[in-house]
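Data block below; observations after.
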Amino acid sequence: MIFTVTLNPAVDKILFLDKFQRSRTTRLSRTIETIGGKGTHVSINLKLQGVQSTALGIALGENGKKIIGLLEGWGVEVHFLHYELPGMESRTNYEIVENSGHFCTMLTERGPLLPVNITNDLLEQIKGLIKVGDSLVLTGDASNVEDAAIYSRLARVAKEIGAKVFLDASGHYLKEGLNSNPFLIKPNFEELCFIAGRDLKTEAEIVAAMQSLDEFHLPIIAMTWGGNGAIVKNGQDFYRVHPIQVETINEGGCGDAFLSAIIAGVEKNLSLEETLKTAAAVSASAAESESTVGFDPIRAAQLKELAIVVKLQ
Ligand code: TA6
C-alpha cells in the first residue's frame with residue numbers, strides 16, 4: 001500500500017485575473033476553491049492513474065473537515081487525524097493566476113503550529129499502519145511543525161518496518177530529511193540550489209550537485225525544473241526529461257503530478273524510461289488544467305507520445 005502524508009494540508013483559493021497590479025484594485029475574473037497541500041495531490045493524481053493510496057495527515061477545525069470532504073470527493077481512501085482545537089483551523093493558500101503572461105504566484109499560509117502530541121499521534125498511526133513493502137510519501141510544507149527533523153523521524157519509523165520513503169520537502173525539512181536516506185527525493189531546482197548552498201547555472205553543475213548527495217545513499221533524485229522539464233539521477237545514471245510543449249494554464253501542482261507518476265511507475269514496476277515519459281505527460285496535462293490538482297488521463301496518454309527522455313551519463 002502507498003500512504004501519503006500531508007502535515008499541512010490546505011484549501012486552495014485560485015484567483016484568476018488579467019494582470020496583477022500592485023497598489024491598485026485588481027478585479028478578479030473568477031475564483032476556484034479546491035484542495036491544497038502536496039500529499040493530498042499525490043493521492044488524487046495516483047487515483048487518476050489507477051493506483052490506490054491511503055491519505056494520512058492532520059486536519060484542523062472546519063477547514064480541516066472541508067479538506068477531508070474534498071479528498072473523499074476524489075474517491076481517495078482518507079485516514080486523516082482531525083482535531084477541534086480553539087482557534088486552530090487548517091490553512092488556506094492563495095494562488096494568483098494571471099491571464100496575461102501566464103504567471104502563477106502561490107501565497108501560502110503557515111497554518112497553526114501543531115502541538116507535539118498531534119505529531120506523536122501521527123507517528124503512532126503510521127507505526128500501526130505501515131507494513132513491509134509499503135511506500136510512505138512525505139511531501140509538502142511542514143513549517144507548522146517546529147521540529148525540522150519531523151520528516152526524518154517519520155521516515156526512520158517506516159524504513160525500520162521495511163517501507164520505501166519518498167520525500168518532497170523544502171529548506172531545512174529537506175536537508176534534515178536527507179539523513180534518513182529516503183528511497184527518492186524530489187527537489188525542484190530552487191530546493192536543489194538550497195541543498196547545494198549555491199546557485200546552479202548549468203546542467204553539468206546540477207548533475208554535480210546531485211552527485212554530491214551520494215553520501216546520503218539516495219537511490220533516486222528527481223529534480224523538477226519547471227518549464228525546463230527535469231533531471232533524474234537513478235543510481236549513477238542520469239536522465240534528462242524534456243518538457244512537453246503545451247499551453248500552460250496553471251503550473252501549480254505540476255511537481256506533485258510528476259512525483260505521483262514516478263511513484264505509480266515504481267509501484268507498477270515499469271522501466272525508468274517508461275515511468276519518466278509518463279511523468280512528463282502527466283505533469284504537462286496538469287499544466288493545461290486550471291486547477292492546482294488533477295490532470296486529464298486521456299490527454300496525458302496522447303502527450304506521452306511526445307515525451308523525450310535522454311540518458312545523460
Ligand atoms: O503544488 C501545489 C500545491 O500543493 C498547492 O496546492 C498549494 O497548496 C501549495 O502547493 C502547497 O504547497 P506547500 O509546499 O505549502 O505544502
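When a residue number appears, it is its place in the shown sequence, counting from 1. Atoms within a ligand are numbered from 1 in the order they appear, just like the ligands themselves.
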Which of the atoms in ligand 1, numbered in the order shown and given with their element, are less than 4.0 Å from a heavy-atom of [X]?
X	answer
Met106	5 (C), 7 (C)
Gly140	16 (O)
His41	4 (O), 5 (C), 6 (O)
Arg91	11 (C), 13 (P), 15 (O), 16 (O)

Quick one: look up the protein heavy atom nearest [atom] and list residue, atom name and how far away it is.
atom	value
atom 11 (C) of ligand 1	Asn93 ND2, 3.7 Å
atom 3 (C) of ligand 1	Lys38 NZ, 3.7 Å
atom 5 (C) of ligand 1	Asp12 OD2, 3.2 Å

Open item on the list: Strictly below 4.0 Å, N to O, side chains only: are Asp214 and Lys233 in salt-bridge contact?
Closed with: yes
Task: Cationic N near anionic O, under 4.0 Å, Arg198 to Glu205 - done: no
TODO: Answer yes or no: does atom NZ of Lys268 have more than 12 heavy-atom neighbours from other residues, nucleotides or ligands under 6.0 Å?
DONE: yes
Open item on the list: Geometry only, no angles: is Thr108 polar-contacting ligand 1 at N/O separations under 3.5 Å?
Closed with: no
- [ ] Report yes if some N/O of Asn8 lies less than 3.5 Å from some N/O of ligand 1; otherwise report no.
- [x] no
Open item on the list: Here's one to test your reading of the geometry: is the NZ or CZ of Lys175 within 45 degrees of the ring axis of Phe194 and under 6.0 Å from its centre?
Closed with: yes
Task: Side chains of Asn250 and Ile14 in contact at under 4.5 Å (non-hydrogen atoms) - done: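 In short, these two side chains touch, coming nearer than 4.5 Å.
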TODO: Treat each ILVMFWY residue as a node, draw an edge where side-chain heavy atoms are under 4.5 Å apart, and state whether Ile262 and Leu48 are in one component.
DONE: no
